[in-house]
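A short worksheet on the structure shown next.
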2 protein chains.
Amino acid sequence: MKRRTTSSTTEILDLLKASGNAMSHDMIQSSLDSKVDRATIYRVLNRFCEDGKVHRVVGDDGKQYFAICSNCGAKKQVHSHNHIHFRCLQCGTVECLDRELSIPLPEGYVAKVHNLVISGFCNECS
Amino acid sequence: MKRRTTSSTTEILDLLKASGNAMSHDMIQSSLDSKVDRATIYRVLNRFCEDGKVHRVVGDDGKQYFAICSNCGAKKQVHSHNHIHFRCLQCGTVECLDRELSIPLPEGYVAKVHNLVISGFCNECS
DNA sequence: AATTTTACTGCGACACAGTTGCAATATTAC
DNA sequence: GTAATATTGCAACTGTGTCGCAGTAAAATT
Ligand SMILES: [Mn+2]
Ligand SMILES: [Mn+2]
Ligand SMILES: [Zn+2]
Ligand SMILES: [Zn+2]
């Protein structure tokens with residue numbers, strides 16, 4: 001199933017690149033120039049995740065945030081997202097803190113997905 | 001507003017103590033002996049969180065998990081939950097890994113809530 | 001022990017995030 | 001240009017969590 005390039009996919013990907021931060025569905029929808037259906041945005045984002053263009057974080061608000069894969073080793077074989085995210089409770093920004101983190105797990109445990117979010121106040125809002 | 005002890009509150013608290021793990025609403029509901037209303041369970045859990053008896057983690061599945069505060073310094077003045085949680089993708093168990101974690105944030109950032117979850121396979125399921 | 005106070009419960013309705021089925025549309029291959 | 005099919009829009013749906021309100025029951029007061 002080969003992927004196709006559409007105005008929606010390019011717009012959303014460009015938006016995420018330009019933002020640099022992790023964006024939720026509603027942030028994306030309201031930032032888009034053209035009207036794109038809710039379901040389409042979700043489907044596009046899920047495809048980007050499958051393709052390793054974008055990674056997903058779930059915040060402590062229960063919402064999904066999507067960010068471009070830049071320092072995640074998207075180019076390398078190992079594509080891991082063991083980095084912390086910071087969500088500002090004031091301005092709502094969600095940033096990828098590209099600080100390497102290796103968390104040792106107990107014997108026999110295998111890590112598949114890292115979902116690391118710290119919420120608080122960013123330097124703009126503190 | 002003083003709290004009252006009811007069969008629901010004692011049952012839910014005992015269940016969480018006995019389990020030792022973090023439990024989601026539906027895990028709790030299905031483990032309870034007596035039938036307790038959905039909304040009541042949520043309200044009891046939220047009260048426990050307010051009172052510092054229990055802490056909440058949001059998984060990468062977007063669901064809330066609740067665990068007894070034991071090694072969180074519930075007794076001390078500083079009651080922080082900067083510890084990692086592990087969610088097994090196979091058996092669904094969510095554990096508090098009581099490994100101390102101090103994550104240095106960039107200058108000017110203030111942490112309020114830590115929501116750290118690693119998903120994968122536990123020692124039973126790997 | 002009876003009465004009062006009010007915290008808690010159950011029920012229903014609701015809000016919200018995300019998913020899915022299906023017909024219509026648009027991209028890519030030929 | 002035509003055919004094949006990936007993508008879209010729309011509507012309906014699911015699941016998690018919240019809220020208002022009337023009824024119930026815990027605890028304080030008498
Ligand atoms: Mn990230
Ligand atoms: Mn915990
Ligand atoms: Zn901020
Ligand atoms: Zn397991």
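So you know, we letter chains A, B, ... as the sequences are listed, proteins then strands, and number each from 1. The basis for the numbers below is simple: all heavy atoms, side chains too, and nothing from hydrogens, waters or symmetry mates.
Near-neighbour residues of DNA chain C inside residues 84-91 of chain A, defined by a heavy atom below 4.0 Å, are absent.
Aromatic ring orientation, B:His85 versus B:His55: tilted (interplanar angle from 30° to 60°).
In terms of phosphate contacts, A:Thr6 brings a side-chain nitrogen or oxygen within less than 4.0 Å of OP1 or OP2 of D:dT8. Taking only side-chain nitrogens and oxygens, B:Thr40 comes nearer than 4.0 Å to OP1 or OP2 of C:dG10.
Checked against the 6.0 Å centroid threshold, A:Tyr109 and B:Phe86 count as a close aromatic pair.
Of the candidate nucleotides C:dT9, D:dG17, D:dT8, D:dT8 has the atom lying nearest to any side-chain atom of A:Arg43. With C:dG18, D:dG17, D:dT8 as the candidates, the nucleotide lying closest to the side chain of A:Lys63 is C:dG18. Minimum atom distance to the side chain of B:Arg4 is reached by C:dT5, of the listed D:dG9, C:dT5, C:dC11. In this structure, the nucleotide among C:dG18, D:dA27, D:dT8 sitting nearest to the side chain of A:Val44 is D:dT8. Ranking C:dG18, D:dT8, D:dA11 by closeness to the A:Ala39 side chain, first place goes to D:dA11.
In terms of polar N and O atoms assigned as donor or acceptor, the side chain of B:Arg38 never comes within less than 3.5 Å of the base of C:dG10 in a complementary pairing.
The CG atom of B:Leu45 sits 13 Å away from the C1' atom of D:dT18 (whole-angstrom rounding). Spacing between atom CZ of A:Arg3 and atom C1' of C:dA26 amounts to 16 Å, rounded to whole angstrom units.
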